[in-house]
There are 2 protein chains.
Amino acid sequence: MENRTSVEIGNDAGRAADNVVAALEAQIVSGQLKNKAPLPAERELMEQFGTSRTVIREAISKLSSLGLVETRPRFRPIVRKPDYATVLHACGNVVQHLLTDKTGIKNLYDSRVFMERALVRDAAMSARKEDIVDLKAALENNRNAIPDSLEFYKTDVAFHGVLYRIPRNPIFPAIHEGYTSWLAPQWDQMLRSPERNEVNYIAHKAILDAILERDPAAAEEALTNHLKAAWEFVRVTFDWGEE
Amino acid sequence: MENRTSVEIGNDAGRAADNVVAALEAQIVSGQLKNKAPLPAERELMEQFGTSRTVIREAISKLSSLGLVETRPRFRPIVRKPDYATVLHACGNVVQHLLTDKTGIKNLYDSRVFMERALVRDAAMSARKEDIVDLKAALENNRNAIPDSLEFYKTDVAFHGVLYRIPRNPIFPAIHEGYTSWLAPQWDQMLRSPERNEVNYIAHKAILDAILERDPAAAEEALTNHLKAAWEFVRVTFDWGEE
DNA sequence: AACGCCTTTTGGTATGACCAAACTAAAAGT
DNA sequence: ACTTTTAGTTTGGTCATACCAAAAGGCGTT
């Protein structure tokens, strides 16, 4: 009952799982396997593809690391059509290994500063009316949350998030999610206080004011000051070495 | 009551394998398993960890998707200490699924334009003498390669690569590698010609001139024109719809 | 030292089995 | 009639074993 003739071109010792991966991949993107639906049972797949469960499991593992299915320990894999957040999430597992020392964190933080400098400049030059509305609303939420550090953290992230949405490129919000999930958790919450919140609120306000003035240079400078100050505060608090 | 909210998507379902992964992970980062060295044989690992080969193989598969080892079909996995290129490499497999339609490609291309606009601006403002030397050399290579489209492609990539190195953040060159490996292969080579090469060389020269003039706005504009024109050429050539 | 030959090692795959958790549906209780 | 219990059935996670072909290593010849 074994159809071993399914040898594709170049029967190179390539993994049989790759064929299964490719097939399921096609079924997922074509919608034949619907999003959010569970994958067929392993024993069914092994019959469907004429291979052993070993291969099926390896294929599912690959699909999982590709972000095409979502696996939980004892549950059926769930089909998931990939999006930009998926990519960043997949990166996260690897990124973690690069943040073990201060250098790694600094590099990532610097890249964020670089990114957001460009973002605020872009915002100052080409933010639409809706964007301005969103920014003002985010800033207002920011101000109201000053007494509550946890809430302020959320509004802080949200304010920056608006900046990432202004270019209307879905990649950018995903990057933002990456930064906040990789960079912040280590210290961002613990060293907040109403006083710090006030400082950050003022910084945000300065950024928004510059955007309203349509002044890219001022916006960039305000953003830079904001993030540099935040880094400096973290650096001193944790007694990291000099720059 | 255990909190099983870890909805890791790049994660595999095997919990026993996770222990092995964690252990090997630690051995890799601690240098106990040296970089570029082969992993112990599977049968040895299964004795070392007291588990079945199933679990060991699953762990290796996961390490592979984490970028901590490099696997070739019939060969011993090679230990690879993670770096920024590793992250991008891990992303690549997922990214591929987002580039199936024009929208996905456009989003990625736009993000590249956004990134490089910021890069040339940064270069114009803070390029060092060495950077200028590198840029001039890259441009010269560019010019010499105009008759040879394949060679020109390499020098083209190299020229942009210099821009990514100027901020001296190792994340940026990795991003550049991502862009070139994900974005270009689909069309970049095939629609080159000495005439196009000439055009691109001139565009590069304009960028460098603006950088030499320490004029961020001019540099940004030159870069934007360069990349927008390249996109437009691709768009028309492939008869993609309007913007 | 380079090449070809032979033995061992090792990764890829197939089977079959077992367990515990998840699922399902019938049975019991309200 | 509806919720809760419960018993039976799937199904994922793991183990053990076996076989094959390709890689690795040893060895003698050139």
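Naming convention: chains lettered A, B, ... in sequence-line order (proteins, then strands); numbering from 1 in each chain.
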A:Phe75, nearest nucleotide to its side chain (from C:dA22, C:dT15, D:dG12): C:dA22
Interatomic distance, A:Glu47 CD vs C:dT15 P [rounded to whole Å]: 13 Å
NZ/NE/NH1/NH2 to OD/OE distance under 4.0 Å, B:Lys154 and B:Asp148: no
Expected output: side-chain B:Tyr201 to main-chain B:Phe152 donor-acceptor under 3.5 Å: no
Residue whose nearest DNA chain C nucleotide is more 5′ - A:Arg53 or B:Leu39: B:Leu39
Per B:Ala16 side chain, nearest of listed nucleotides D:dC19, C:dT13, D:dT14: D:dT14
Which atom of B:Ile78 lies closest to which atom of B:Pro38, heavy atoms considered: CD1-CA, 4.2 Å
Atom pair distance, as rounded to whole Å: CD1 in B:Ile78 and P in D:dA23: 14 Å
Minimum-distance nucleotide to B:Arg74 side chain [options: D:dT14, C:dG11, D:dG12]: C:dG11
Sugar-phosphate, base or nothing in reach of B:Arg76, heavy atoms under 4.0 Å: sugar-phosphate
Minimum-distance nucleotide (side-chain atoms of A:Thr51 versus D:dT11, C:dT10, C:dA14): C:dA14
Most 5' of B:Val55 and A:Pro77 on DNA chain D, judged by nearest nucleotide: A:Pro77
Between C:dA17 (C1') and A:Arg57 (CZ): distance, integer Å: 15 Å
Rounded interatomic separation in angstrom, taking CD from B:Glu58 and P from C:dG11: 17 Å
B:Glu42 CD to D:dT17 C1', straight-line distance once rounded to whole Å: 15 Å
More than 12 heavy atoms from other groups under 6.0 Å of CD on A:Glu47: no
B:Ile56 CD1 to C:dT10 P, straight-line distance once rounded to whole Å: 14 Å
Aromatic ring pairing A:His176/A:Tyr164, orientation class (parallel under 30°, perpendicular over 60°, tilted between): parallel
Distance test, side-chain N/O of A:Thr54 to OP1/OP2 of C:dT13, below 4.0 Å: no
Between D:dT14 (C1') and B:Met46 (CE): distance, integer Å: 12 Å
Protein-nucleotide distance (A:Arg43, atom CZ; C:dA17, atom P), rounded to Å: 12 Å
